[in-house]
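These numbers come from a predicted model, not from an experiment.
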Amino acid sequence: MLFRSGPDNIFVLLQSAQRGWRAGMCVVLGLCLIGILIATLVARAVTRPINSMSAAVQNFALDHQRAAVPAVERQDEIGVLARSFKQMQDEIHQQLEALQESRAELEHMARHDVLTGLPNRRAFQERLEHALSRAQRSGEHFALFFIDVDNFKSINDRFGHQGGDAVLKIVALRLVATTRKADGIARLGGDEFVVLLDNPTNREDVVQIA
């Protein structure tokens, strides 16, 4: 049987092709929508937590401030990664705090006498330079006392270094009790101390304190 083309047959073929094209487009659009939905779900489940953790890592690297870590409650690989980062962040923060405390202690030790706790020669030198600059600039006065312990060698010879150390501590406490908080007291070394009276009112006050 021979197939003869005609206007009716051509129209039927075009309609069939058009229906097939529409069906194909519907399938393509459906697949696109499914892909968009899957991408959105993946972004919510994976990409966003990772981006949030990346932002937290960058902020912690810049200012060393602990930030809230997302997804720590999750039980998948992202949750494991989040908990690992949180633990690392906490440990680094503790180490930084310990390092700051150690640095503060070292700075304090570098500027203070170990035995008496008073400022040492280095700290007093800075205090004296500041007082001199202020006196030249504003005309304020200051008084300077150099003090040592009489017969300190005999104290060490009789009572040993522990006895001598106890005497130095007592001297430091009495100097602190005699002066104001604004005044400067330092141990230069051995049995030598120095006191800087900050802007005394008159000479009689200096003599009385001395």
Donor-acceptor pair, [X] side chain versus [Y] backbone, under 3.5 Å?
X      : Y      : value
Arg187 : Gly190 : yes
Asn120 : Ala110 : yes
Asp191 : Phe152 : no
Ser138 : Ala135 : no
Asp183 : Arg180 : yes

Taking a hydrophobic cluster as the set of Ile, Leu, Val, Met, Phe, Trp and Tyr residues connected by side-chain heavy atoms closer than 4.5 Å, whether directly or through intermediates, do [X] and [Y] fall within one such cluster?
X      : Y      : answer
Val149 : Ile185 : yes
Met88  : Leu96  : yes
Leu175 : Leu144 : no

Going through the checks in order, is the side-chain contact (heavy atoms from CB on, under 4.5 Å) test met by Leu196 and Leu128?
-> CA-CA 8 Å; Leu196 189 151; Leu128 180 60; 3.8 Å; yes

Take atom [atom1] of [X] as the centre, draw a 6.0 Å sphere, and report whether it contains more than 12 heavy atoms from other residues, nucleotides or ligands.
X      : atom1 : value
Glu91  : CD    : yes
Gln162 : CD    : no
Met109 : CE    : no

For residues Thr116 and Asp113, is any side-chain donor paired with an opposing acceptor at under 3.5 Å? yes

So [Y] and [X], do their side chains get closer than 4.5 Å, heavy atoms only?
X      : Y      : value
Ile147 : Val194 : no
Leu188 : Phe193 : no
Ile170 : Leu168 : no
Phe146 : Val195 : no
Ile209 : Phe145 : yes

ask   = Is it true that Asp165 and Lys169 have a side-chain N and a carboxylate O under 4.0 angstrom from each other?
value = no

Value rounded to 0.5 Å, distance of [atom1] in [X] from [atom2] in [Y]:
X      : Y      : atom1 : atom2 : answer
Ile155 : Lys153 : CD1   : NZ    : 12.0 Å
Arg134 : Asn199 : CZ    : CG    : 7.0 Å
Gln100 : Glu107 : CD    : CD    : 10.5 Å
Asn156 : Asn151 : CG    : CG    : 11.5 Å
Arg203 : Gln208 : CZ    : CD    : 15.0 Å
Leu106 : Leu99  : CG    : CG    : 9.5 Å

Start with the C-alpha distance between Asp150 and Asp148, add both sets of side-chain angles, then the distance that settles side-chain contact (heavy atoms from CB on, under 4.5 Å), and finish with yes or no.
CA-CA 6 Å; Asp150 293 340; Asp148 62 1; 3.9 Å; yes

side-chain contact (heavy atoms from CB on, under 4.5 Å) between His112 and Leu118, worked out
CA-CA 5 Å; His112 289 79; Leu118 295 176; over 6 Å; no

